[in-house]
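This report concerns only the one structure given below.
Letters A, B, ... mirror the listed sequences (proteins, then strands); counts begin at 1.
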2 protein chains.
Amino acid sequence: MSRGWEAIRADVLRRIQAREWGPGAAIPTEEALCREFGCARATVGRALRDLAATGVLERRRKAGTRVALQPVRRATLEIPVIRQEVEGRGQTYAYRLLADVMEQPPLPVLLRLRLPAGVALRHLTCLHSAGGQPFVYEDRWLNPAVPGGQQPDFAAHGANEWLVANMPYDAGDIAFSAAGAGADDAAAFGIDPGTPLFIVERTTWTADTAITCVRLAYMPGYRLRMTL
Amino acid sequence: MSRGWEAIRADVLRRIQAREWGPGAAIPTEEALCREFGCARATVGRALRDLAATGVLERRRKAGTRVALQPVRRATLEIPVIRQEVEGRGQTYAYRLLADVMEQPPLPVLLRLRLPAGVALRHLTCLHSAGGQPFVYEDRWLNPAVPGGQQPDFAAHGANEWLVANMPYDAGDIAFSAAGAGADDAAAFGIDPGTPLFIVERTTWTADTAITCVRLAYMPGYRLRMTL
DNA sequence: GAGTGGTCTAGACCACCAA
DNA sequence: TGGTGGTCTAGACCACTCC
């Protein structure tokens, strides 16, 4: 066995998988484990903290460390920039702006951005292509009142790339769903209305300022993969 | 400002968001920062490691620490047990087994489980309901050769609950997609074939043994939410 | 009250890798 | 080859919470 906190983590995980320590059971204290492994308590703590972060262990002061009774599977999803996702597949990426107008958004968009009725937002629609085929149809509402100065026209480059370069590291939420292609989706992809599409919806703020609200419709058959 | 590594993390993140350190810029070394903050290097390292884990910073030995040029958004998804998801909504959960037969799976299932042609697997279909309405239609292939002894009948409780209790903490992958309801889906939900459904597909192993391969079709309109 | 995990320190050595 | 992050140590104090 190699050394280090990763070796300890692997050994603890092995005992759990071997049911040496069953679900719900308490495992030895950090002090007992660092005596067993012959290392400092901080090293054991590092290993156990990592297992707790992935949901394998549950830790509470005084109560000790237990194997999770119902292992909530946590997985980290890397949300790719569309250009990178396409180029990562070895396909050529292309972007085309379809529309760019100021208008009043529908009520659901206002609610998601927590904006009062009556405000006008910048409404962008564009198409991302992979290898000449439509890949993602983007429908975005952008708050023109965001800080950071003048917004460019998005004729050449997508709003998302401008955002990650100029308004990075903000908070938001994201939702995945399935929906039948609407008229716009069908026109963008050249498919029949009602065709099932994978939909990603994202809303973004910095502090309390609503930035943008975007709906991404992926090409038919798209699959989003993760590893547990 | 409060003390501790979380305060340092917050302060570093604040400077990044304030563009004091712009995307791609190198930030001071750990040693310089721990002099500035008046703490040990390990404490600064803890803060920077956490920011690197969430994709805000990129760290390389000798090259130093830089603000990520293209901040890959990482989000942690907690994959819920269906029963808990339903009960968390305050609805009553119900489960019904629809079929339980041994048969040869179709080729895509064999490939995902990395099994040779000709083997027969246990094929389960069941329906999870929320508040009396169909919620998830489950189509599962289960390897009867898995260790752990006799498998129960799944008349009363779902295979997933048996698995998390008896074969927990294994590896696998997961994929999200959209698909039109097939004949089975349509019958289960009482909807028209072709209705867009949110699909989750999971494959699970322990070590090199294929355990199970499951396709979950969620009720029309279902949304999977995450926070960034 | 007392046991446990959470954190911090000051120092050390090592692995990596750009210069 | 030198600078940087990655890790480990031995010890300490603190925060939480079960008893």
d([atom1], [X]; [atom2], [N]) in whole Å:
{"X": "K62(B)", "N": "dC17(C)", "atom1": "NZ", "atom2": "P", "value": "13 Å"}
{"X": "R60(B)", "N": "dA19(C)", "atom1": "CZ", "atom2": "P", "value": "9 Å"}
{"X": "R46(A)", "N": "dC8(C)", "atom1": "CZ", "atom2": "C1'", "value": "15 Å"}
{"X": "E30(A)", "N": "dG11(D)", "atom1": "CD", "atom2": "P", "value": "16 Å"}
{"X": "F37(B)", "N": "dT9(C)", "atom1": "CZ", "atom2": "P", "value": "12 Å"}
{"X": "E31(B)", "N": "dG3(D)", "atom1": "CD", "atom2": "P", "value": "10 Å"}
{"X": "L57(B)", "N": "dG6(D)", "atom1": "CG", "atom2": "P", "value": "11 Å"}
{"X": "W5(B)", "N": "dC14(D)", "atom1": "CH2", "atom2": "C1'", "value": "17 Å"}

Name the residue closer to the 5' end of DNA chain D, choosing between A42(B) and I27(B) according to the nucleotide with the nearest heavy atom.
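The residue whose closest nucleotide sits nearer the 5' end is I27(B).
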
Assuming nearest nucleotide by heavy-atom distance, tell me which of A63(A) and E6(A) is located more 5' along DNA chain D.
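It is E6(A), whose closest nucleotide lies nearer the 5' terminus.
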
Which nucleotide in the set [options] lies at the smallest distance from any side-chain heavy atom of [X]?
{"X": "A40(B)", "options": "dT9(C), dG5(C), dA15(C)", "result": "dT9(C)"}
{"X": "C39(A)", "options": "dG6(C), dT9(C), dT9(D)", "result": "dT9(D)"}
{"X": "T43(A)", "options": "dG6(D), dC8(D), dC13(D)", "result": "dC8(D)"}

Quickly, which of L115(B), T212(B), L142(B) forms a side chain to side chain contact (heavy atoms under 4.5 Å, CB included) with L121(B)? Name it, please.
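Looking at L115(B), T212(B), L142(B), the match for L121(B) under the side chain to side chain contact (heavy atoms under 4.5 Å, CB included) is L115(B).
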
Under a plain distance cut-off of 3.5 Å, with no hydrogens placed, do D139(A) and H123(A) share a side-chain donor-acceptor pair?
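Short answer, yes.
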
Tell me whether the OP1 or OP2 atom of dT4(C) has a side-chain N or O from T65(A) closer than 4.0 Å.
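So the side chain of T65(A) is outside the cut-off, no N or O lying under 4.0 Å from OP1 or OP2 of dT4(C).
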
At less than 4.0 Å, is any side-chain N or O atom of R61(B) found next to OP1 or OP2 of dG3(D)? Yes or no.
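Looking at the OP1 and OP2 atoms of dG3(D), neither is under 4.0 Å from any side-chain N or O of R61(B).
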
Does NZ or CZ of R114(B) fall inside the cone over W205(B)'s six-membered ring, less than 6.0 Å from its centre and within 45° of the axis?
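Ring-cation test returns yes.
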
Base, sugar-phosphate alone, or nothing: which one does R49(A) contact when heavy atoms must sit under 4.0 Å apart?
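Here R49(A) touches no strand at all.
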
Does the dT4(D) base have a donor-acceptor partner in the side chain of R41(B) within less than 3.5 Å?
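Looking at the base of dT4(D), it does not pair with any donor or acceptor on the side chain of R41(B) (distance under 3.5 Å).
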
Please report whether the ring centroid of F135(B) lies less than 6.0 Å from that of H128(B).
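No; F135(B) has its ring centre 6.0 Å or more from that of H128(B).
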
Salt bridge flag under 4.0 Å for residues E36(A) and R15(A):
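Judged by the 4.0 Å cut-off on N to carboxylate O distance, E36(A) and R15(A) do form a salt bridge.
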
